[in-house]
Amino acid sequence: MFTLFLLAANQYPSQIRKQNYILLLLVIIGFVSKSLAQDFSADRLIQLSRKDSLVKYKAICNSKTTIHGQRSDGKRFYIQLQFEQISDAHLSVYSVKGYYCFEKNAIHVPLVGIYDFNVGLTLYRFKTKKQQDQLLHFELSGTSNFWEELDQYDNLKGYTEKIIVRSKNDGVWLDAKHSYKTTLTTNKLDFYYTNEWLTYKNQRLNVSTLKLNVCDFTLLNYKIKNNDLKVLLAYSFASRSYALGMCGAGVESGFLMLHLDSNLHFKKKEIVALESCLYNISFEETPTHRPYLKQYKIAYDTGAITNEIETQVNLKTLTIIKKK
């Protein structure tokens, strides 16, 4: 699948650059995730397809934020923003739109801007829709390399007002005549993210807070025994946020087994990495004639040697067996 991405990139570099590396990569990752889900869907126990399933999984995407702050002239303000579009080549760079409003003035002043993980938030007040769309839809894509393109977006001309926020206490607000320093009530500028939740009875767990270094899950099965839970998830996500760099077209995929108590408190984990560009892991699946039993030969390439481990994942009993 990743070979298709590389072939397309080599044969049609300018077209792909203009049309969006990120979009193509996400399509590939989506195909892999969908294939995994389809492969395992027939093996899920009946309770997973019922509405009254005891354990449930849900991904919730946050795409809006409200930022409160004060300018050096004493004026208090808030800025309301929502996510608009991911950039062409980096998952951590995206455009935003919204408005600002002073506390004693109910007028909403429209803003467009960009979140750049290297800079922070850069927001503009433009007079024309053409100026707004140039930034919102990354219309400079393909005119230069990605980092030069970002620099252009961060330094656009022809604005009425410009707000640059690097951190809570490092910001500047510019208009035609003045420059004001800004301070915010928060340091959290990156507001576009996804939280992944498991729920059981009246308990819930934000899996994203466990710092497991894996994400983008599909719930495969679970078992409850003596008030303890075993939850089997499949995962598949992009190796790097930057699509044009090393492993930019790579995917990290595999299984995650969570061991939890009845209150969804974390006890331990088991991870089976099937594929990783970052750690040079690849796999071959061996047919077993039992759809609930998955068997793999997983290769770990260290550069000097390649180690192979035979791994069985039983989707019914929720057991993982590894043999060197």
Side-chain angles (χ1 to χ4, degrees), residues 29-30 32-62 188 190 192-239 251-276 278-279 281 283 285 288 290-296 298 300 309-324:
I29 295 171
V32 173
S33 301
K34 185 177 180 182
S35 298
L36 282 171
Q38 289 176 341
D39 187 25
F40 299 136
S41 61
D43 309 319
R44 297 188 189 186
L45 300 185
I46 294 174
Q47 69 262 29
L48 289 184
S49 63
R50 297 200 317 241
K51 290 184 179 180
D52 61 347
S53 173
L54 291 176
V55 176
K56 296 180 181 178
Y57 163 83
K58 187 175 184 180
I60 301 176
C61 179
N62 184 79
K188 191 168 182 59
D190 181 7
Y192 182 64
Y193 55 87
T194 298
N195 284 322
E196 301 186 80
W197 295 87
L198 286 176
T199 60
Y200 171 59
K201 294 184 178 179
N202 62 340
Q203 304 294 325
R204 63 178 192 162
L205 170 66
N206 185 351
V207 183
S208 307
T209 64
L210 297 179
K211 298 181 180 180
L212 300 170
N213 297 321
V214 292
C215 59
D216 293 353
F217 299 112
T218 299
L219 176 61
L220 300 181
N221 203 356
Y222 66 87
K223 275 191 173 296
I224 304 171
K225 184 178 181 181
N226 298 327
N227 289 324
D228 284 347
L229 280 75
K230 291 172 70 175
V231 181
L232 181 62
L233 304 160
Y235 67 85
S236 180
F237 60 95
S239 299
V251 167
E252 313 295 298
S253 65
F255 298 97
L256 169 67
M257 184 89 76
L258 290 178
H259 296 254
L260 311 167
D261 66 18
S262 58
N263 293 315
L264 296 188
H265 294 148
F266 176 77
K267 298 177 72 174
K268 68 175 184 177
K269 66 181 178 182
E270 298 176 76
I271 292 183
V272 177
L274 293 179
E275 184 172 20
S276 172
L278 297 177
Y279 299 102
I281 301 173
F283 74 96
E285 184 171 0
T288 64
R290 285 176 286 181
Y292 60 85
L293 185 62
K294 302 297 177 181
Q295 186 164 293
Y296 305 95
I298 305 177
Y300 300 81
I309 296 179
E310 291 187 3
T311 303
Q312 285 187 349
V313 180
N314 193 314
L315 306 182
K316 183 180 289 186
T317 64
L318 298 195
T319 55
I320 296 172
I321 300 174
K322 298 180 180 181
K323 299 178 182 179
K324 288 188 177 181

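Note: hydrogens, waters and symmetry copies are ignored here, and every other heavy atom, side chains too, is used. Predicted model only: the values in this text are computed from it and were never measured.
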>> List the residues meeting ring pair (Phe, Tyr, Trp, His ring centres under 6.0 Å) with Phe283, not counting sequence neighbours, and say none if there are none.
In response: Tyr296
> What residues, two or more places apart in sequence or in another chain, satisfy side chain to side chain donor-acceptor pair (under 3.5 Å) together with Ser208?
Replying inline: Asn206
> Got Leu274 and Ile298 here, is their nearest side-chain heavy-atom distance under 4.5 Å?
Replying inline: yes
> Under the side chain to side chain donor-acceptor pair (under 3.5 Å) test, which residues partner Gln203, sequence neighbours left out?
Replying inline: none
> Shortest non-hydrogen contact from Phe237 to Val214?
Replying inline: CE2-CA, 3.6 Å
> side chain to side chain donor-acceptor pair (under 3.5 Å) with Asp228: which residues, sequence neighbours excluded?
Replying inline: Lys267
> Is the number of heavy atoms from other residues, nucleotides or ligands under 6.0 Å of Phe266 CZ greater than 12?
Replying inline: yes
> How would you list all residue pairs meeting ring-ring contact (aromatic ring centres under 6.0 Å, His included) that involve residues 192-213, not counting sequence neighbours?
Replying inline: Phe83-Tyr192, Tyr94-Tyr192
> Under the side chain to side chain contact (heavy atoms under 4.5 Å, CB included) test, which residues partner Ile271, sequence neighbours left out?
Replying inline: Tyr235, Leu256, Lys269
>> Is there a side chain to side chain contact (heavy atoms under 4.5 Å, CB included) between Leu232 and Val313? Walk through the geometry before answering.
In response: CA-CA 10 Å; Leu232 181 62; Val313 180; 4.3 Å; yes
> Going through the checks in order, is the side chain to side chain contact (heavy atoms under 4.5 Å, CB included) test met by Leu278 and Glu252?
Replying inline: CA-CA 8 Å; Leu278 297 177; Glu252 313 295 298; 3.7 Å; yes
>> Which heavy atom of Met257 sits nearest to which heavy atom of Leu318, and what is that distance?
In response: CE-O, 3.2 Å
>> Under the rule for side chain to side chain donor-acceptor pair (under 3.5 Å), what residues qualify as partners of Asn62, not counting sequence neighbours?
In response: none
> What residue pairs, at least two apart or across chains, pass salt bridge (Lys or Arg N to Asp or Glu O under 4.0 Å) with a residue in residues 200-212?
Replying inline: none
> So, do Tyr57 and Val231 sit near enough that their side-chain heavy atoms are less than 4.5 Å apart?
Replying inline: no
>> In the structure I gave you, are the side-chain heavy atoms of Leu205 and Leu210 within less than 4.5 Å of one another anywhere?
In response: yes
